[in-house]
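Accompanying notes for the structure given below.
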Amino acid sequence: MIIVGVDGSQAGLEAVGWAAREAALREVPLTVVHAMPRWAVEADDGRYADVAKWMRAGCATVLAAGENRASHEQPKIAVRTAALPGDPRTALIRASQDAELLVIGSHGIGGVRGLLVGSVAYGVAGHAVCDVAVVRSLPSLPRGEIVVGLDGSPRSRPVLEFAFAEAELRGARLRVVHAWAWPRLDGFEPADAGSEQNELLVLKEALAGHRGRHPDVDVIEECVHGHPVEVLRQAADGADLLVVGSHGHGTFAGMVLGSVSHALLHRSPCPLVVVRSEGLSIPDAPR
């Protein structure tokens with residue numbers, strides 16, 4: 001199942017359209033959700049009953065618009081809707097336990113718009129149980145290509161597997177980008193032939209096995225000396241999708257969501273998928 005959050009914004013509806021197409025590719029159902037305060041869901045009488053009723057009506061309108069967009073985009077997929085009680089980050093993280101992919105748009109989920117890039121997106125992408133797609137912008141002329149960022153660590157395996165599987169589903173080309181640079185106080189160490197050969201070996205070893213499982217995927221390999229955020233942003237310009245991991249432990253050890261992935265939440269020129277690393281513990285949801 002794919003879950004997509006809506007908030008009544010146009011960006012939320014664009015996310016629904018993207019999620020509907022993804023559900024059709026995977027042949028799975030789609031659930032459209034909207035978060036609202038728990039008290040508004042539960043209050044049937046008392047001082048704020050009328051306000052709660054008004055908020056529930058607004059929630060129903062938002063969900064209906066999302067359902068209509070999904071059904072219009074992909075009439076053959078199964079679509080359902082659900083109101084999630086509570087803080088949007090906490091509600092979406094809990095909902096992610098039942099999903100294979102959680103999709104959010106670029107302008108917030110729930111009652112407060114504009115919270116996606118910074119609060120909701122950061123919290124959800126960093127804590128969700130499943131992979132998270134952030135539909136920040138859609139390329140006007142997609143080139144039939146998926147870009148995946150590789151850091152060479154063991155945690156790159158699920159990232160690569162997601163990217164290969166997605167490219168196979170879409171019949172798209174896959175561009176695997178390994179950005180490398182050795183940091184120092186005044187910038188980066190200059191590239192040299194020996195270091196570049198070592199990084200090329202890292203790239204080759206990381207791809208071993210994935211090609212065999214997905215022989216029909218056309219793969220382009222790139223090993224680029226530079227900061228991973230800027231390298232990936234440029235590589236993804238015009239791409240259908242950019243795929244990164246939730247935690248990086250390669251050349252830049254400790255680059256967790258908050259550095260590369262976090263920066264790309266703001267700067268990715270196309271939809272971004274943050275793939276959850278294997279073996280990570282599930283943290284408490286933000287309050």
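The figures here come from the full heavy-atom set of this structure, side chains too, leaving out hydrogens, waters and symmetry mates. The chain is numbered in sequence order, starting from 1.
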In this structure, would Ile77 and Ile2 fall into the same cluster of hydrophobic residues linked by side-chain contacts under 4.5 Å? yes

Interatomic distance, Asp151 atom CG to Leu203 atom CG [nearest 0.5 angstrom]: 11.5 Å

Where Ser261 and Leu272 come nearest, the two heavy atoms and their spacing: O-CD2, 4.3 Å

Is the shortest side-chain heavy-atom distance between His214 and Leu174 below 4.5 Å? no

Residue of the set Val273, Leu241, Val148 for which side-chain contact (heavy atoms from CB on, under 4.5 Å) holds with Glu166: Leu241

Hey, quick one: are Leu232 and Val202 part of the same hydrophobic cluster, counting side-chain heavy atoms closer than 4.5 Å, chains of contacts allowed? no

When every non-hydrogen atom of Ala239 is compared with those of Val147, the smallest separation belongs to CB-CG2, 3.9 Å

How many angstroms lie between atom CZ of Arg94 and atom CZ of Arg89, to the nearest 0.5 angstrom? 12.0 Å

Between Leu101 and Arg26, is the side chain to side chain contact (heavy atoms under 4.5 Å, CB included) condition met? List the steps. CA-CA 11 Å; Leu101 182 67; Arg26 299 185 183 206; 3.9 Å; yes

Please check if Val132 and Val260 belong to a single hydrophobic cluster, counting links between Ile, Leu, Val, Met, Phe, Trp and Tyr side chain heavy atoms closer than 4.5 Å. yes

Is a donor on one side and an acceptor on the other found under 3.5 Å between the side chain of His178 and the backbone of Leu150? yes

Between Leu264 and Val229, is a side chain to side chain contact (heavy atoms under 4.5 Å, CB included) present by the stated rule, with each step listed? CA-CA 7 Å; Leu264 288 169; Val229 172; 4.3 Å; yes

Please name all residues satisfying side chain to side chain contact (heavy atoms under 4.5 Å, CB included) with Ala95, sequence neighbours left out, ordered by chain then number. Ile3, Leu84

Is the backbone N or O of Asp237 less than 3.5 Å from a side-chain atom of Arg143, with the two atoms forming a donor-acceptor pair by type? yes

Are Met1 and Val28 close enough, and set up right, to give a side chain to side chain contact (heavy atoms under 4.5 Å, CB included), and what steps lead you there? CA-CA 5 Å; Met1 174 176 67; Val28 297; 5.6 Å; no

Looking only at heavy atoms, what is the nearest atom pair of Val6 and Gly12, with distance? CG1-O, 4.0 Å

Looking at every non-hydrogen atom in both residues, tell me the closest pair between Phe164 and Val217 and how far apart they are. O-CG2, 3.8 Å

At their closest point, which heavy atom of Leu102 faces which heavy atom of Ser96, and how far apart are they? CD2-CB, 4.3 Å

At their closest point, which heavy atom of Ala35 faces which heavy atom of Pro88, and how far apart are they? CB-CA, 3.7 Å

If you measure from NE2 on His210 to OG on Ser156, what distance do you get to the nearest 0.5 Å? 8.5 Å

Checking Glu22 against Arg170 for the salt bridge (charged side-chain N to carboxylate O under 4.0 Å, His left out) test, could you report, in this order, the C-alpha distance in whole Å, the side-chain angles of both residues, the deciding distance, and whether it holds? CA-CA 9 Å; Glu22 187 68 19; Arg170 294 167 177 252; 3.1 Å; yes

Do Cys130 and Arg276 come within less than 4.5 Å of each other through their side chains, counting heavy atoms only? no

Which distance, rounded to the nearest 0.5 Å, do you find between the CG of Asp218 and the CD of Glu168? 13.0 Å

Could you walk me through whether Ile220 and Glu145 pass side chain to side chain contact (heavy atoms under 4.5 Å, CB included), step by step? CA-CA 10 Å; Ile220 297 174; Glu145 182 174 287; 4.2 Å; yes

Going by salt bridge (charged side-chain N to carboxylate O under 4.0 Å, His left out), Glu221 matches just one of Arg173, Arg175, Arg211. Which one? Arg211

ILVMFWY network linking Ile146 to Leu25, side-chain heavy atoms under 4.5 angstrom: no

Quick one: are Gln10 and Leu13 in side-chain contact, heavy atoms under 4.5 Å? yes

Hey, are the side chains of Arg213 and Glu161 touching, using non-hydrogen atoms and a 4.5 Å cut-off? yes

Can you list, pair by pair, the side-chain donor-acceptor contacts under 3.5 Å of residues 53-67, counting residues two or more places apart and other chains?
residue : atom : partner : partner atom : Å
Arg56   : NH1  : Ala40   : O            : 2.7
Arg56   : NH1  : Ala43   : O            : 3.0
Thr61   : OG1  : Ala57   : O            : 3.1

